[in-house]
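All ligand and atom numbering here is 1-based and tracks the order in the structure. These numbers were taken from a predicted model, which means no experiment stands behind them.
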Amino acid sequence: MQLKLHNTLTKQTEGFTPLDPNEKIVTFYSCGPTVYDFAHIGNFRAFLNADVLRRTLELLGYKVNQVMNITDVGHMTDDAVADGGGEDKMCVAATRLAEAKKSGKLPEGSTVDPSDPMAVAEFYAKAFMEDSAALGMRIVDDAKANPSLMPRPSQYIKEMISMIETLIEKDHAYVASDGVVYFSVQSFDDYGELSGNTIETLRSGEGGRVDMDTQAVKRNPADFMLWKPDASHLMRWPSPWGEGYPGWHIECSVMANTLLGNVIDLHSGGEDNIFPHHECEIAQSRCATGCSAFSRYWFHTRFLLVDGTKMSKSKGNFYTLRDLLDKGATAGAVRLELIKTHYRSNANFTMQGLKDSQRQIDRWRRLKDWLTEHKDVAANPDGPLVIAKEQFLAALCDDLNVAGAIGVLNEAVNDYTIDTDPEANGSSTLQEELSALLEMDQLLGVFDLETKASLGDLDVPKIDSLIEARLIARDEKKWGLADEIRDELLGMGVAIKDDSEGTTWSKIVQ
Ligand code: AMP
Ligand code: ZN
C-alpha cells in the first residue's frame with residue numbers, strides 16, 4: 001500500500017516515495033513550539049497530526065527520522081510578516097514571569113529565574129516535553145535517547161552564522177545600512193512557490209504584509225532578516241556582523257540541514273507557517289545548498305477553532321492539556337479529539353466532542369479487555385478486526401483519512417460477533433483479533449496513554465462501595481434508593497453508566 005499525501009508545494013495529492021526509494025527511511029522536520037508559554041491544544045493539533053503522519057509511515061514499514069525544534073530565540077511577536085517585527089517572544093515571557101514573580105503568581109511548581117530567558121525557555125520546554133509525552137508523541141521517546149532530535153536554536157548559532165556567510169558569498173544575502181543581514185528575495189526566482197506570495201503579489205499588496213519600518217534600508221520590501229546586531233537584546237551572540245541574534249526562519253533551515261541533510265522528505269507545521277516561515281526556509285535552504293528542492297513534501301494542518309475563531313494565546317480562547325486534565329479529561333480523549341478531524345479541515349473544539357471521544361475510547365477498551373481475557377479461544381482467522389485492519393490502513397493511505405479509519409474500526413467494533421469455530425482452523429485464536437486491534441492503536445495511540453481521568457481528590461473506595469450498594473438496591477427493586485445513590489455519586493462529581501457490560505463510572509468533565 002502507498003501513502004497518498006497532499007503536498008502544499010504542488011497543491012496536489014501525490015503518492016509518497018522517500019528520496020531513496022530503496023531505503024525505507026524518511027527524513028521529517030516538524031516545526032515545533034516556541035517555548036514562551038505552555039503550548040495550547042491548538043498547537044498540539046499541528047504536532048499530533050505530524051505524529052499521525054509519522055505513525056502511518058511506520059505502519060507502512062518506514063523508519064522515520066523525525067526532528068522537532070524547540071524555539072528559544074528569535075521568534076518575534078509579529079510573525080505574520082516575513083521580517084518579523086515586535087519583540088522576541090522569549091523576552092516577552094521573561095517580562096511576564098518577572099511580573100508574576102513580583103505578585104507571587106509564578107506558574108505552579110516553578111522556581112524559574114525570570115531574568116534568565118534560557119531558564120524560562122527550559123521551564124516551558126520541560127512542560128512541553130511532559131505534555132507531548134502524555135499525548136503519545138513518538139518524537140519525545142526518540143529525544144529521550146537522542147536529545148539532538150528536539151534541538152534548541154540557541155545551540156546552533158555557529159551553524160547559522162556559517163549558512164548566513166554562505167548566503168552572503170553567493171549574493172543571496174547582504175548587510176544593509178542598518179547593519180542587519182537580510183535575505184534578498186529577488187535573488188531567488190522561486191520565491192513564492194509554496195505560498196503563492198511571489199514578489200509581485202507582495203508588491204501589489206495582495207500577499208502577506210511586509211514590515212514598513214525597515215523598508216528604507218532593504219533592497220526589496222519583502223527581504224527578511226537573517227541576523228540582527230542588537231547589543232541590548234537579552235539573548236545575543238558574537239558574529240561577524242556584531243553581537244546579536246538570528247532570525248526565526250534561518251533557525252529551521254539550519255537545524256534541518258545539520259540534522260537531516262540538504263534535501264529532506266517531509267516538513268510539517270500549522271497552516272500559518274506556510275507564509276512567511278516556510279516560504280523563507282525554502283529560499284534560504286535552496287540558495288545555501290544549491291539544490292533544486294529543500295523538502296520534497298510539505299504537510300500543513302489547519303487551525304483548531306473555538307466558536308469559529310482560531311484558538312490562540314492572543315485571543316485568550318485557549319485550553320492547555322493541563323486545563324483539560326484538571327477538568328477530568330484523559331490525555332487519550334484529548335489526543336483522539338485533536339486527530340479525529342481531517343488535518344486539512346478546521347476542527348472546532350468543544351467539551352461535548354471531548355466527551356464523545358472518551359466514550360469512543362471506552363468502547364474500544366472494553367473490547368480490548370474482553371479479547372485479552374479470551375485471547376486463547378479458538379476463532380475464525382478472518383475475524384472482523386483482522387479484516388478491518390486492512391481497510392483502516394487504506395483509509396490512512398488516502399491522505400490520512402483518520403475519520404474514515406475510525407469509521408472502519410467502529411463498524412467492526414459495533415457489530416462485534418465472535419465466530420468461534422474451533423474446527424475451521426485449529427491454529428487461529430482471538431489473539432489475532434486482539435493483535436489487529438492493537439495494531440490499529442499503533443496509529444490512534446490511545447490505549448498506551450493514561451486513559452483513566454485524573455481523579456483529583458475522588459474517594460475511589462467510596463465510589464466502588466456506592467456502586468455496589470446501588471446494584472443491590474436495583475436487584476431488590478428498591479428504585480428510589482438506587483436513584484438516591486446515583487444522585488449522591490453525581491454530587492461527588494461521578495457519572496455512572498449501565499450497559500450490557502455492567503456499570504462503569506467516570507469523573508464528570510465540567
Ligand atoms: P508557536 O509556538 O506559536 O510557534 O506555534 C507552534 C505551532 O502551532 C505552529 O506550527 C502553529 O502553526 C501551530 N498552531 C498555532 N495555533 C494553532 C491552532 N489554533 N490550530 C492548529 N495549529 C496551531
Ligand atoms: Zn520552523
### Message
How long is the straight-line distance from CG of L409 back to CE of M440, given to the nearest 0.5 Å?
### Response
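Separation between the atoms: 5.0 Å.
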### Query
Out of curiosity, H6 NE2 to L400 CG, how far, rounded to the nearest 0.5 Å?
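The NE2 atom of H6 sits 12.0 Å away from the CG atom of L400.
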### Query
Does Y62 have K24 sitting over its ring (NZ/CZ under 6.0 Å from centre, angle to axis within 45°)?
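Satisfied, under 6.0 Å and within 45°.
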### Message
Run the side-chain contact (heavy atoms from CB on, under 4.5 Å) test against R322 and tell me which residues pass, sequence neighbours left out.
### Response
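Residues passing side-chain contact (heavy atoms from CB on, under 4.5 Å) with R322: F38, A127, E130, D131, T320.
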### Task
List for me each residue that meets ring-ring contact (aromatic ring centres under 6.0 Å, His included) alongside Y191, sequence neighbours excluded, and say none if there are none.
none
#### Entry: Protein N, O or S atoms lying under 2.8 Å from the Zn ion (ligand 2), listed by chain and number
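Per the 2.8 Å query on the Zn ion (ligand 2), atoms found are C31 SG, C252 SG, H277 NE2.
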Enumerate, one pair per line, all nitrogen or oxygen atoms of ligand 1 lying under 3.5 Å from a protein nitrogen or oxygen, stating the separation to 0.1 Å; write 'none' if no such pair exists.
unit_1: ligand 1; atom_1: 2 (O); unit_2: T34; atom_2: N; d: 3.0
unit_1: ligand 1; atom_1: 4 (O); unit_2: T34; atom_2: OG1; d: 3.3
unit_1: ligand 1; atom_1: 8 (O); unit_2: N43; atom_2: ND2; d: 3.1
unit_1: ligand 1; atom_1: 10 (O); unit_2: G270; atom_2: N; d: 3.1
unit_1: ligand 1; atom_1: 10 (O); unit_2: N273; atom_2: OD1; d: 2.7
unit_1: ligand 1; atom_1: 12 (O); unit_2: G270; atom_2: N; d: 3.3
unit_1: ligand 1; atom_1: 12 (O); unit_2: D272; atom_2: OD1; d: 2.3
unit_1: ligand 1; atom_1: 19 (N); unit_2: L304; atom_2: O; d: 3.1
unit_1: ligand 1; atom_1: 19 (N); unit_2: M311; atom_2: O; d: 2.9
unit_1: ligand 1; atom_1: 20 (N); unit_2: G42; atom_2: O; d: 3.3
unit_1: ligand 1; atom_1: 20 (N); unit_2: L304; atom_2: N; d: 2.7
unit_1: ligand 1; atom_1: 22 (N); unit_2: G42; atom_2: O; d: 3.0

#### Entry: Lys/Arg-Asp/Glu bridge criterion (N-O < 4.0 Å) met for R152, E122
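So R152 pairs with E122 through a salt bridge.
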### Message
I'd like to know if D272 pairs up with K310 as an ion pair, taking the criterion as any Lys NZ or Arg NE/NH1/NH2 lying under 4.0 Å from an Asp or Glu carboxylate oxygen.
### Response
yes
### Message
As a test of understanding, state which of H172, H249, H277 forms a ring-ring contact (aromatic ring centres under 6.0 Å, His included) with F224.
### Response
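Among H172, H249, H277, the one meeting ring-ring contact (aromatic ring centres under 6.0 Å, His included) with F224 is H249.
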### Message
For F47 and F128, I'd like to know if the aromatic rings sit close, meaning centre-to-centre distance below 6.0 Å.
### Response
yes
